[in-house]
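Numbers restart at 1 for each chain; the letters A, B, ... are given by sequence-line order, proteins then strands. Please read these numbers as outputs of a predicted model, since none were measured by experiment.
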Amino acid sequence: MNMIIKDDYLDKLIASWKKEISPVHSVSYLDQLKADALNCVESLRLPTIRDEEWRFTDISSLRATPFPRASAATLPVSDNQADTFLDEAVCKLVFIDGRYVPGLSVQTADNSITVSSLSGLTGTSSVAEQYLGRLADFQENVFVALNTALMHEGVCVIVPADVAVKVPVHILYISSRKEVTVYPRCLVVAESGASVTVIEEYVALHEGVSLTNSVTEMYLKDSARVNHIRVQRESPQAFHIANSSALVAKSAQYDSISLALGAHISRFDQKITLAGENAGCEVDGLALIAGRQLADTHTFIDHANPHCRSRQLHKCIMDDSAHGVFSGKIMVRPHAQLTDARQLNRNLLLSDRARVDTKPQLEIFADDVKCAHGATVGQLDRESLFYLQSRGLTETVARNLLTYAFGGEVISRVTVPSLRQHLEQYILARTRIS
Amino acid sequence: MININSKILLEVHDLHATVGGIEILKGVNLTVKSGEIHAIMGLNGSGKSTFSKVLAGHPDYEITRGTLLFDGQDLSALAPEERAQAGIFLAFQYPVEIPGVANDHFLRLAYNTVQGKRGKEELDPLEFDDFVREKMKLLKMNPDFLDRSVNEGFSGGEKKRNEILQMALLEPRLALLDETDSGLDIDALRIVANGINQLSGKDNAMILVTHYQRLLDYIVPDFVHVMEAGRIIRTSGKELAQALETHGYDWIHANDQVAGAQP
């Protein structure tokens, strides 16, 4: 029995927004959705380590941070942030502290896809009505409920049937100052046979405390392909809580790579539903953390139909007193025969104080399936270190090279060359420090 | 090539070493001069592989007694990379696979590190590429090996060639070749042996650690040592290897008894 206790933190968050939630004149779908979600927030509470899904991740410190949204003032982006712009991404949407910045954004000249901020979506409310809030569960998940209730601006990418978008859509969320909460929202709809690459990147220009609570919903219609790359490098003091859901229809393919590099505490919940025959997904992740960082990844791959294929590789590299968490559930529903699922979680501990909690789970209710999963936890291989040292490399260089190689397996799967190079450089720089 | 006036490179005196608290080397004595090729033979477990690992500085092995001098310098005080930089090279019996590290990147990093420490010129990626491709011809290696991860998925013979390639790049003064012939077919053995011979000169020395005489058909040693129970129990010229091949290792003891029976 769950007793509802009024949650002071949630009240404060909502109170700081109430003044902005204007009285509803015409009840659009979006307004109704937000109102419904707000009702849900009021009946939910922040999870604690007594909740099974949050056992390893203590977010009680979040209570000290009921930060308001940033004021509308647009802040200039300094030159040193130029490296976050990718050569290939002719289409980019830039948000600073949760506000869409048209001046820094570039819309594709190609009219084949619709890319708009969420505020621009209200005009085409049928799209919102059809998709927004339908995948991300705001009834049960307090963070999704908060995001849905308080979202202000977000991105909507709609790729019409049989259109292959050659260049990636780059969505850049810049946190320019501390003590701000942002609620990024992203909706992607790939119609039948469409294909697109979407990059969601979170960066910070400060090192203070901030909170990101993001929600992404992706719809892949029959034979669509979506390549979803997520790069989280928030401030070392930041909280980053993200939910991403994908609904993958018949013969569609959803590939995602998620990188957790920043934030003090980050939590990423990813749900993928293989909802049609021959649907597939490749779900890769890398957490590279140090100091007292915590990176928690929860994935749920739902084989809801026969003949679907899923592949998952999740790696964690933890230095100092960092703490990694991985919980990966694969569900094979009773009629999902001929499912082919494989999951591997590999963890590298670089210090005696680093810690990882891993929970791979297979739940199989069909009898003719091919499923495998595994998890490893280890340190750098002594023989490999000695081999490199015997060729003249110092122990530090040898350790960094092996650490880099461990993470490189995931990085190498990033299909956007300039982003891959940025990430390689970033990780090389990180491993040199450790 | 024995030359009485050559400089002494390696001086091992009464070397004792343990691994996991168990003594494996129990008093090894050996002197190696520039230009010489030595073979250390012995049965499995005699301590010959341990000896090469101790020389290269493997952290699992501890020297408990004796001295180990390389070019007059106490080796036991040096980290493995310092020994490599000073000119010691170990060709591994089982080269380690390192997924995710490109072979060309690794080779260039090793080459430039060692060159830098020796006060010599380092090469940029393009210069190095030309340089390494030239060295690869010596071992009849396919340039594709540069793009692959270090030793990953290499056959036994390919791994051993990659070892000798590293030796060719790092130009050691003392090369320790641990069972380099194992796992090689006859063609690969010939190529590898030919590579080693070309790298051998008056300013460097080699120690071939081997179980069989086969490699010594291609690389002719100046000295053959037999190791047993952590000691070198017999030293002779190249004919010793031939005798061992013909008569087996037991022959040494039979021979000792006959010799001992003489008045």
Original post:
Which of these passes side chain to side chain donor-acceptor pair (under 3.5 Å) with A:Ser256: A:Gln312, A:Glu282, A:Arg230, A:Gln270?
Top reply: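 Of the listed options, the one satisfying the test is A:Gln270.
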At a 4.5 Å cut-off on heavy atoms, which part of [X] comes close to chain A: side chain, backbone, both, or neither?
{"X": "B:Pro172", "value": "neither"}
{"X": "B:Leu109", "value": "both"}
{"X": "B:Asn112", "value": "neither"}
{"X": "B:Tyr94", "value": "neither"}
{"X": "B:Pro99", "value": "backbone"}
{"X": "B:Val114", "value": "side chain"}

**OP:** Against chain A, work out which of B:Leu107, B:Asp60, B:Leu169 has the most heavy-atom pairs shorter than 4.5 Å and name it.
**Re:**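 Answer, by heavy-atom pair count under 4.5 Å with chain A: B:Asp60.
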Subject >> For chain A, the option from B:His58, B:Arg83, B:His105 that forms the most heavy-atom pairs under 4.5 Å >> reply: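 Result: the option with the highest number of such pairs is B:His58.
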Subject >> Region of A:Leu385 that comes under 4.5 Å of a non-hydrogen atom in chain B >> reply: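 For A:Leu385, no heavy atom lies under 4.5 Å from chain B.
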Original post:
Relative to chain B, which segment of A:Glu409 carries a heavy atom at a distance below 4.5 Å: side chain, backbone, both, or neither?
Top reply: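 Nothing of A:Glu409, per the 4.5 Å heavy-atom cut-off to chain B.
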Subject >> Parallel, tilted or perpendicular: rings of A:His228 and A:Tyr254 (30°, 60°) >> reply: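 Ring orientation, 0 to 90° scale: tilted.
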Could you tell me whether [X] and [Y] have a side-chain N and a carboxylate O separated by less than 4.0 Å?
{"X": "A:Arg342", "Y": "A:Asp340", "answer": "no"}
{"X": "B:Lys117", "Y": "B:Glu82", "answer": "no"}
{"X": "A:Asp284", "Y": "A:Arg311", "answer": "no"}

**OP:** Go through A:Thr394, A:Leu393, A:Leu401 and name the one with the most non-hydrogen pairs under 4.5 angstrom from chain B.
**Re:**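 Most heavy-atom pairs under 4.5 Å with chain B: A:Leu393.
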**OP:** Without swapping roles, check the side chain of B:Glu11 against the backbone of B:Gly72 for a donor-acceptor pair under 3.5 Å.
**Re:**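 Absent.
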**OP:** Taking the side chain as every heavy atom from C-beta outward, state whether B:Ser200 and B:Met206 have any pair of such atoms under 4.5 Å apart.
**Re:**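 Side-chain contact under 4.5 Å: yes.
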Do we see a donor-acceptor contact under 3.5 Å between the side chains of [X] and [Y]?
{"X": "A:His240", "Y": "A:Glu234", "value": "yes"}
{"X": "B:Lys160", "Y": "B:Ser182", "value": "yes"}
{"X": "B:His211", "Y": "B:Asp181", "value": "no"}
{"X": "A:Asp320", "Y": "A:Ser351", "value": "no"}

**OP:** Tabulate, in ascending numerical order, the residues of residues 118-139 of chain B having at least one heavy atom closer than 4.5 Å to a heavy atom of chain A, or enter 'none'.
**Re:**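 Heavy-atom contacts from residues 118-139 of chain B to chain A are absent.
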